Amino acid sequence: MSTQTNQQFRLASRPVGMPTAENWQLTEEALAPLEDGQVRVKVLYLSLDPAMRGWMNEGKSYIRPVAIGEVMRAGAVGVVTESRSPRFKAGDHVSGPFGVQRFWTGQADDQGGLAKIDPGLAPLPAWLNVLGMPGMTAYFGLLDIGQPKAGETVLVSAAAGAVGATVGQIAKHLGCRVVGIAGGADKCRFVVEELGFDACIDYKEGPIGPGLKQHCPDGVDVYFDNVGGEILDAVLTRINLKARIVICGAISQYNNTTPVRGPANYLSLLVNRARMEGMVVFDFSPRYPEGVACLAQWLREGSVKHREHVVDGLENFPAALLMLFEGKNFGKLVLKIADA
Ligand code: NAP
């Protein structure tokens with residue numbers, strides 16, 4: 001492939017259950033010359049997110065579905081290779097919704113979501129993690145929706161993942177007791193020993209009820225839910241008066257071929273005068289600079305850690321995406337597309 005050729009993964013069909021290779025089409029096309037106001041970005045790292053599974057579905061959601069034949073939507077970081085905009089110059093590092101492709105070409109205006117990033121502050125993959133969309137999800141979801149107070153117990157699922165790891169570390173900063181839920185002994189050890197959570201429950205070992213009793217002896221004040229399903233149901237039996245449940249995600253349900261499993265124990269919300277509230281990170285985009293500044297400060301101080309799981313090569317996109325749903329990623333999953 002010459003440098004003047006682009007390659008993209010396009011959505012070929014909508015999956016039923018887990019996506020398969022047939023749902024994708026790898027296409028190749030020549031790069032057109034830039035128009036006034038446009039920039040071209042060489043994509044270096046792509047963000048692989050559980051939300052991508054939802055974007056492949058038809059139907060109403062918080063964002064329109066990816067159309068059949070369209071380049072798959074994805075957040076990414078890259079470097080500007082050509083510019084016909086005064087706002088960016090060749091060599092600038094940027095983040096934006098570049099899609100699953102090698103090059104992005106578009107207007108460098110306020111609408112496009114293009115933002116300069118500083119690789120001196122943190123390595124590029126971290127801009128897709130703690131300083132990127134998952135970090136913003138953790139920051140605003142926990143602080144604005146969860147509203148934890150010092151001394152309260154904060155419980156978070158998918159605790160070793162991109163969002164969960166940052167949620168727990170922010171909650172520790174605030175002086176909370178922090179308990180994670182994750183799959184497997186290695187992830188649980190990482191969450192406690194590296195990230196500083198007070199405890200972590202391995203849901204793959206069996207029902208989480210006994211672990212909740214042991215590690216949340218005073219009940220749960222904030223539950224940051226990334227997984228839904230039976231884990232959410234079990235947590236509902238342990239919540240405190242006025243508890244806050246942040247519905248961030250429900251990854252256990254994304255590939256269902258049967259209806260989504262709702263919480264059977266929801267009357268616990270009534271009994272405890274508790275609330276459960278959904279959040280979409282994009283609602284907070286005007287406030288991202290605040291979140292980035294705060295998390296960057298904690299990164300500089302070394303008090304927030306981040307871990308990325310890098311898979312190499314655009315051609316591995318279909319298989320790499322599935323790792324999220326099998327718990328095979330250990331840290332924020334990113335796909336390396338090119339060398340800087
Ligand atoms: P991640 O946690 O880095 O990766 C996904 C993890 O989910 C896997 O590693 C796995 O961890 C766990 N998982 C997969 N299948 C599961 C199952 N059946 N039951 C329980 N756990 C399962 O991903 P992330 O990017 O940080 O996203 C976490 C959640 O936040 C997702 O639900 C995502 O959709 C949501 N999210 C929401 C927003 C928003 O605006 N609302 C924004 C970003 C992300 P284990 O090995 O521990 O099982």
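In each ligand, atom 1 is the first atom listed, and ligand 1 is the first ligand listed. Every value quoted in this text rests on a predicted model; they were computed, and no experiment measured them.
Residues Arg40 and Phe103 have side chains in contact (heavy-atom distance under 4.5 Å, counting atoms from C-beta outward). Within the 4.5 Å cutoff, no side-chain heavy atoms of Gln147 are placed close to those of Leu143.
Neither the backbone nor the side chain of Ala160 comes within contact range of ligand 1; no heavy atom lies under 4.0 Å. By the criterion of a heavy-atom distance under 4.0 Å, neither the backbone nor the side chain of Pro134 is placed next to ligand 1. Counting heavy atoms under 4.0 Å from ligand 1, residue Val227 touches it through the side chain alone.
What sits closest to atom 26 (O) of ligand 1 on the protein, heavy atoms only, is Val163 N, 2.8 Å. Closest protein heavy atom to atom 12 (C) of ligand 1: Ile251 CG2, 4.1 Å.
Ligand 1 does not have Gly228 within reach: every non-hydrogen atom of the residue lies 4.0 Å or more from it. Put simply, no part of Gly184 is less than 4.0 Å from ligand 1, judged by heavy atoms.
Taking every non-hydrogen atom of Ser252 and a distance limit under 4.0 Å, the qualifying atoms of ligand 1 come out as 17 (C), 18 (N), 19 (N). Short contacts between ligand 1 and Ala182, defined as distances under 4.0 Å to a heavy atom of the residue, involve ligand atoms 47 (O). Taking every non-hydrogen atom of Phe325 and a distance limit under 4.0 Å, the qualifying atoms of ligand 1 come out as 15 (N). Each of the atoms 1 (P), 3 (O), 4 (O), 8 (C), 9 (O) of ligand 1 lies under 4.0 Å from some heavy atom of Asn329. For ligand 1 and Val281, the ligand atoms under 4.0 Å from any heavy atom of the residue are 39 (C), 40 (O). Close approach to Met133 involves these atoms of ligand 1, each under 4.0 Å from a residue heavy atom: 42 (C), 43 (C). Close approach of ligand 1 to Gly161 is summarised as follows: ligand atoms under 4.0 Å from at least one heavy atom of the residue are 1 (P), 2 (O), 3 (O). If you number the atoms of ligand 1 from 1 as listed, the ones under 4.0 Å from a heavy atom of Gly327 come out as 8 (C), 9 (O), 10 (C), 46 (O).
Under the 3.5 Å distance criterion, the side-chain polar atoms of Asn23 are matched with a main-chain donor or acceptor of Thr20.
The distance criterion of under 3.5 Å between nitrogen or oxygen atoms is not met by Gly249 with respect to ligand 1. For the pair Lys187 and ligand 1, the shortest N or O to N or O distance falls below 3.5 Å.
The side-chain contact (heavy atoms from CB on, under 4.5 Å) with Val235 is formed by just one residue from the set Ile208, Asp225, Ile245, Asn265; it is Ile208.
Checked by atom type, the side-chain pair Asn255/Arg53 shows a donor-acceptor distance below 3.5 Å.
Classified by interplanar angle (parallel below 30°, tilted 30° to 60°, perpendicular above 60°), the ring pair Phe317/Phe9 is tilted. Ring pair Tyr254/Phe325 is perpendicular by interplanar angle, where above 60° counts as perpendicular and below 30° as parallel.
The two residues Leu142 and Phe224 come nearest to each other via the heavy atoms N-CE1, 3.6 Å.
Relative to the ring axis of Phe330, Arg307 places its NZ or CZ within 45° and under 6.0 Å from the centre.
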